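Down below is the structure, laid out as structure tokens.
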Amino acid sequence: MATWLVKTEPDVYSIDDLARDKVTDWTCVRNYQARNFLKAMAVGDEVLIYHSNAEPSGVVGIARVCQVASPDPTQFDKKSEYFDPKATKDAPRWFCPDLKFVRKLSRLIALDELRNCTSLAGLALLQRGSRLSVVPVSEKHFDIIVELSSKASR
DNA sequence: GCCAACGTTGGC
DNA sequence: GCCAACGTTGGC
């Protein structure tokens with residue numbers, strides 16, 4: 001089983017939206033590297049949900065992959081701001097897996113807390129200039145982050 | 001709103 | 001294939 005982290009802007013789609021929807025197709029990713037990670041997701045993989053452009057930004061919850069990536073419908077929708085004129089049904093460019101809500105963490109783990117945690121060194125999210133909205137996370141780092149949430153904030 | 005650190009586009 | 005110009009992400 002693999003573990004991942006995906007970013008979302010809470011103003012656009014928050015962990016509470018996912019909790020309400022139960023399952024959602026993770027659409028609108030328009031970066032090839034991130035897309036390749038989405039396509040690599042397998043049913044059962046666990047996914048940390050991260051709020052970006054938020055106050056504060058940080059990890060807020062856990063989801064699970066319940067359907068492998070299929071063509072992202074928003075790329076074919078002329079009315080969508082994510083419409084891609086170069087994508088065709090025969091050769092889709094963008095893909096989205098389905099994610100199922102698992103639970104919210106008992107508290108938000110802010111970015112600076114992640115940075116200050118020495119055992120999280122090497123976490124892709126923390127690397128210089130990392131802007132990828134989908135990144136792999138080692139199972140060890142995944143567990144450390146979940147463990148952090150069960151401890152009181154410092 | 002600023003801006004660093006990217007990624008993408010397109011002329012050549 | 002190079003690279004300048006432009007667009008985007010996301011922390012601050």
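Residue numbers start from 1 in every chain, and the chains themselves are labelled A, B, ... in the order their sequence lines are given, proteins ahead of strands. All of these numbers come straight from a predicted model, not from anything done at the bench.
The interatomic distance linking A:Lys86 (NZ) with B:dT9 (C1') rounds to 7 Å, in whole Å. Rounded to whole Å, atom C1' of B:dG7 lies 17 Å from atom CD of A:Gln127. Between A:Tyr32 atom OH and B:dT9 atom P the separation is 6 Å, expressed in whole Å. Rounding to whole angstrom units, CG of residue A:Leu126 and C1' of C:dT9 are separated by 16 Å.
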Grab the N/O contacts between the protein and nucleotides 10-12 of chain C below 3.5 Å, and write none if there aren't any.
from   : atom 1 : to       : atom 2 : distance (Å)
C:dG10 : OP1    : A:Lys7   : NZ     : 2.9
C:dG10 : OP1    : A:Arg131 : O      : 2.9
C:dG11 : OP1    : A:Tyr50  : OH     : 2.8
C:dG11 : OP2    : A:Asn53  : N      : 3.1
C:dG11 : OP2    : A:Ser57  : OG     : 3.0
C:dC12 : OP1    : A:Arg115 : NH1    : 3.3

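Grouped with A:Trp94 in one hydrophobic cluster are A:Tyr32, the linkage being side-chain heavy-atom contacts under 4.5 Å among Ile, Leu, Val, Met, Phe, Trp and Tyr residues.
Here the side chains of A:Val60 and A:Leu105 are not in contact, with every heavy-atom distance at 4.5 Å or above.
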Result block: side-chain N/O donor-acceptor pairs under 3.5 angstrom for residues 129-136 of chain A, not counting sequence neighbours:
from     : atom 1 : to       : atom 2 : distance (Å)
A:Ser130 : OG     : A:Ala124 : O      : 3.3

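In this view, A:Lys104 and A:Asp16 satisfy the salt bridge (charged side-chain N to carboxylate O under 4.0 Å, His left out) rule, not counting sequence neighbours. Here A:Trp26 pairs with nothing under the ring-ring contact (aromatic ring centres under 6.0 Å, His included) rule; sequence neighbours left out. Listed by chain and number, the residues in a side chain to side chain contact (heavy atoms under 4.5 Å, CB included) with A:Thr27 are A:Asp25, A:Asp72, A:Pro73, A:Thr74, A:Cys96 (sequence neighbours excluded).
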